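For clarity, every value in this text was computed on a predicted model and none was experimentally measured. Labels below follow one simple rule: chain letters A, B, ... track the order of the sequence lines, proteins then strands, and each chain is numbered from 1.
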Amino acid sequence: MSEFLNLLAAGLTSGAIYGIFGACLAVWFRVCNVLNLAVGDFAMFGAIGTAWLVQTAGLPFIVGIIVVLVGVGLTAWLFDWVVLHTAFDRGAGAHGIVSVFFYTFGLSLILEGVARAMFGTNVYGAPSIWSGPALHVLDFHVQRAGVLVIGLAIVSGLILWAYLRFTVSGRAASACGESVLGSRIVGIDSAKFRRRIFIMTAVLAALFGVVESPITGYTYMSGPTLSLIGVVAAGFAAFRKPGRAVAAGLVIGVAEAMLGGYVSTSYNDVLLYAILFAIIIFRPEVLGLGPEPA
Amino acid sequence: MPLGPVALEVEGVSVSYGKFIAVESVTLSVGVGECVAVIGPNGHGKSSMVTALAGLVRRGGVVRVFGQPLPAGSPGAAVRAGLVLVPERRHLYPELTTRDNIMLGSYSRTRRISARSAWEDVSGVLDMFPELARLLDQKAGTLSGGQQQMVALARAMAARPRVLLLDEPCLGLAEAVARRVYDWLGEMTKTDMTILLVEENPVHALLVADRAVRMYKGLVEQPGVASHE
């Protein structure tokens, strides 16, 4: 029983990481049909930036977090203004799927290079927001940072789900991804939604990096890995449902932990992708990927 | 020219795509409650003109709605002034439900409230389109062409337009469905709704229009008065 509960705790923690990045990817993809492949790099900057400001520059922890989150928000705004606004709102550049892929992939490479130049190749971890020994409930042992990670993922998923489901603004955000012209004719500013949600998910990812980094530690190369697991979790949510991405991430994390604990860790990735491919091919409606409407 | 008060004034409106001039200094007035048809062959600037009036493409010239000048290139300002477009090919949100598609027509005035309250605000449009009531929870992309056109009209009516711009409302629809659209338009012309109707088919247009103008090579060519016969 003890082994099962501890695997469950580990699985929920790693699943929360899948889920939060999946949610960030899904909500922005829903608005503008572009995958943000730099979302993991924003988390990396949140973690390493805060650690550096606190441990090297000597800023108070809360000030370090605020400075980093503001910096990440401004970076996201600048990228939107320079690249996305020029490409999408002013009609410049190419708009094919490969070209659009390179917009955020390029941002990821730039952020990685800047992080290496600024912080070097060391492993960083921000101070823990909720420090202290691991929590013990019966045979259930979980680190305090893990509790925060799971909590942040669930709360973020619930807020994004409620925003999209219950507010006019959330429906308008979805409409932007469905038809830019159709949204503009009713007065929806699709560029504003794209910009706001890009900045919001960048800041959320950075905050998640701050909260999560005491567990795993981050280097300048951590971003692409996080973005990739986010893409997988978002895939389980049809790239459009952030609430479902968090739920899917948690399930995937627990399944991986159980498989690793009771069978072998060698099969984790095989299982993950096998399930995803099987669903896409045989039951696409589970992911909301039905046939194209006539 | 309209005899009574003017709802829509278009003065010297031009639209260019690079070096190609799609609309050349068009001047046009539509009176309150009047239905004016813009007819002419495809590719001669009719759609460019109405999309420019709705703020969707850059334009030169002046557009006024009930005397209020509209900024160019601002669809939000056009909607807030009461100028609402039903575009060619509808441009619905296929993965959203019929209910959401209609509700978002009211976005400019309901954006800060809950979706439930917004729907209560606009659900009265179902009185005009009762057949949509049973389709409210169906995704718009799964509806037939005629049903989608009804949703597009309902979405426009949810915006509470004072001037309605209709761009080829029957394009791609079967004749029987097109008749139903024009029956609805005929009902609208009995209200104080001002309508500017772009239509390639003059037979359709003259069923409901009070008068018609013809666009040819980007110019408004000749005014005429419809007989309704």
Plane angle bin for B/Tyr107 and A/Phe193 - parallel if under 30°, tilted between 30 and 60°, otherwise perpendicular: tilted
Pick from [options]: which one has the most heavy-atom pairs with chain A under 4.5 Å?
{"options": "B/Val84, B/Val79, B/Thr51", "result": "B/Val79"}
{"options": "B/Val86, B/Leu96, B/Asp100", "result": "B/Asp100"}
{"options": "B/Ser106, B/Ala115, B/Gly76", "result": "B/Ala115"}

Test: [X] and [Y] ion pair at under 4.0 Å:
{"X": "B/Arg179", "Y": "B/Glu175", "value": "yes"}
{"X": "B/Asp121", "Y": "B/Arg160", "value": "yes"}
{"X": "B/Glu200", "Y": "B/Lys46", "value": "no"}

Given B/Arg90, B/Glu88, B/Glu199, the one that forms side-chain contact (heavy atoms from CB on, under 4.5 Å) with B/Leu171: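 That would be B/Glu88; it is the only one of B/Arg90, B/Glu88, B/Glu199 passing the side-chain contact (heavy atoms from CB on, under 4.5 Å) with B/Leu171.
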Residue pair A/Asn36 / A/Thr104, side-chain donor-acceptor N/O under 3.5 Å: no
B/Leu92, part contacting chain A, at a heavy-atom distance under 4.5 Å: backbone
Side chain to side chain donor-acceptor pair (under 3.5 Å) partners of B/Arg162, counting only residues at least two apart: none
Contacts of B/Tyr93 that satisfy side chain to side chain donor-acceptor pair (under 3.5 Å) - sequence neighbours left out: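 With neighbours one apart ignored, the set is B/Arg155.
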Side-chain heavy atoms of B/Glu131 within contact of B/Gln147, under 4.5 Å: yes
Validation row: B/Val122, B/Arg109 side chains within 4.5 angstrom (heavy atoms): yes
Residue-level contacts of residues 174-186 of chain A with chain B, using a heavy-atom cutoff under 4.5 Å: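 A/Ser174, A/Ala175, A/Glu178, A/Ser179, A/Leu181, A/Gly182, A/Ser183, A/Arg184, A/Ile185, A/Val186 fall under the 4.5 Å cut-off.
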Residues of residues 26-35 of chain A near chain B, each having a heavy atom less than 4.5 Å away: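 If one takes a 4.5 Å heavy-atom cut-off, no residue of residues 26-35 of chain A lies near chain B.
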Atom OH of A/Tyr163: over 12 foreign heavy atoms under 6.0 Å: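 It does: A/Tyr163 OH has more than 12 such atoms within range.
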